[in-house]
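See below for the structure under consideration.
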Amino acid sequence: MLEVAICDDDKEDLDKAALMLDKILSEYQIRSFLSANELLNNNDKIDIGILDISMEELGGITLGRKLKEKNHDIKIIYITSYEEYMA
């Protein structure tokens, strides 16, 4: 079973993303994190990280780099509600 971690510091956005993924994915374990540090302190194996680009404590791109240092095989997907990051 693949392990998916979703990280967004906005609880409403986090819940929406988790609900959407739960509807479309099967055979996946989905874990939600409200902070980058909470995710970084998690010692469970993560196969896919779905990260909000803009978070107050640590941005998603920096978080993605740190997760890659811990696990080179992790796949990173970035999400955002800001149009300027979409391009």
Side-chain angles (χ1 to χ4, degrees):
M1 180 177 296
L2 290 176
E3 299 288 330
V4 178
I6 307 169
C7 187
D8 194 321
D9 61 350
D10 183 296
K11 175 110 171 81
E12 187 175 321
D13 289 343
L14 180 66
D15 291 344
K16 285 179 187 177
L19 182 62
M20 180 181 64
L21 287 170
D22 190 47
K23 288 181 179 181
I24 61 175
L25 297 178
S26 60
E27 303 298 320
Y28 288 78
Q29 172 72 32
I30 300 171
R31 300 207 39 219
S32 299
F33 297 88
L34 273 169
S35 79
N37 285 329
E38 182 184 357
L39 176 52
L40 283 173
N41 290 329
N42 174 56
N43 290 322
D44 295 338
K45 179 182 176 278
I46 298 169
D47 300 297
I48 301 170
I50 300 173
L51 314 175
D52 182 19
I53 288 176
S54 180
M55 294 186 283
E56 286 188 29
E57 105 188 328
L58 183 67
I61 294 178
T62 302
L63 174 58
R65 288 182 182 131
K66 290 180 178 281
L67 291 171
K68 279 283 198 184
E69 288 173 8
K70 289 174 66 172
N71 174 7
H72 297 313
D73 295 327
I74 190 172
K75 305 301 181 221
I76 303 293
I77 298 169
Y78 294 105
I79 58 175
T80 186
S81 58
Y82 294 100
E83 287 186 30
E84 62 266 21
Y85 292 124
M86 291 180 176

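Everything numeric here is computed off the predicted structure, so don't read it as measured data. Counting begins at 1 with the first residue of the sequence. All heavy atoms count here, side chains included; hydrogens, waters and symmetry mates do not.
Put simply, OG on S54 and CG on D8 are 9.0 Å apart, with the number rounded to the nearest 0.5 Å.
Considering every non-hydrogen atom in both L39 and C7, the closest pair reads CD2-CB, 3.9 Å. Pairing each heavy atom of E57 with each of A36, the nearest pair is OE2-N, 2.8 Å. Summarising the geometry of I48 relative to I46, their closest heavy-atom pair is O-CG2, 3.3 Å, with the distance given to 0.1 Å. Closest non-hydrogen pair, T80 versus D52, comes out as CA-OD1, 3.9 Å.
Under the 4.5 Å side-chain heavy-atom criterion for Ile, Leu, Val, Met, Phe, Trp and Tyr, M55 and I61 are members of the same hydrophobic cluster. Follow the hydrophobic side-chain contacts under 4.5 Å out from I76 and you reach L40 in the same cluster. Residues I30 and L2 share a single hydrophobic cluster, defined by chaining ILVMFWY side chains whose heavy atoms lie under 4.5 Å apart. L67 and Y28 end up in different hydrophobic clusters when Ile, Leu, Val, Met, Phe, Trp and Tyr side chains are linked at under 4.5 Å. The hydrophobic clustering, which links ILVMFWY residues whose side-chain heavy atoms are closer than 4.5 Å, places I6 and L25 together.
The stretch residues 68-78 participates, sequence neighbours left out, in no side chain to side chain donor-acceptor pair (under 3.5 Å) pair at all.
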Would you tabulate the side-chain donor-acceptor contacts of residues 13-22 under 3.5 Å, counting partners in other chains and residues two or more places apart, or write 'none'?
from, atom 1, to, atom 2, distance (Å)
D15, OD1, K11, NZ, 3.1
D15, OD2, K11, NZ, 3.1
K16, NZ, E12, OE2, 3.3

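Residues near M1 contribute nothing to a hydrophobic cluster around it, because no ILVMFWY side-chain heavy atom sits closer than 4.5 Å to its side chain.
With D47 contributing its side chain and E3 its backbone, the two residues share a donor-acceptor pair below 3.5 Å.
The shortest side-chain heavy-atom distance between D44 and Q29 does not fall under the 4.5 Å cut-off.
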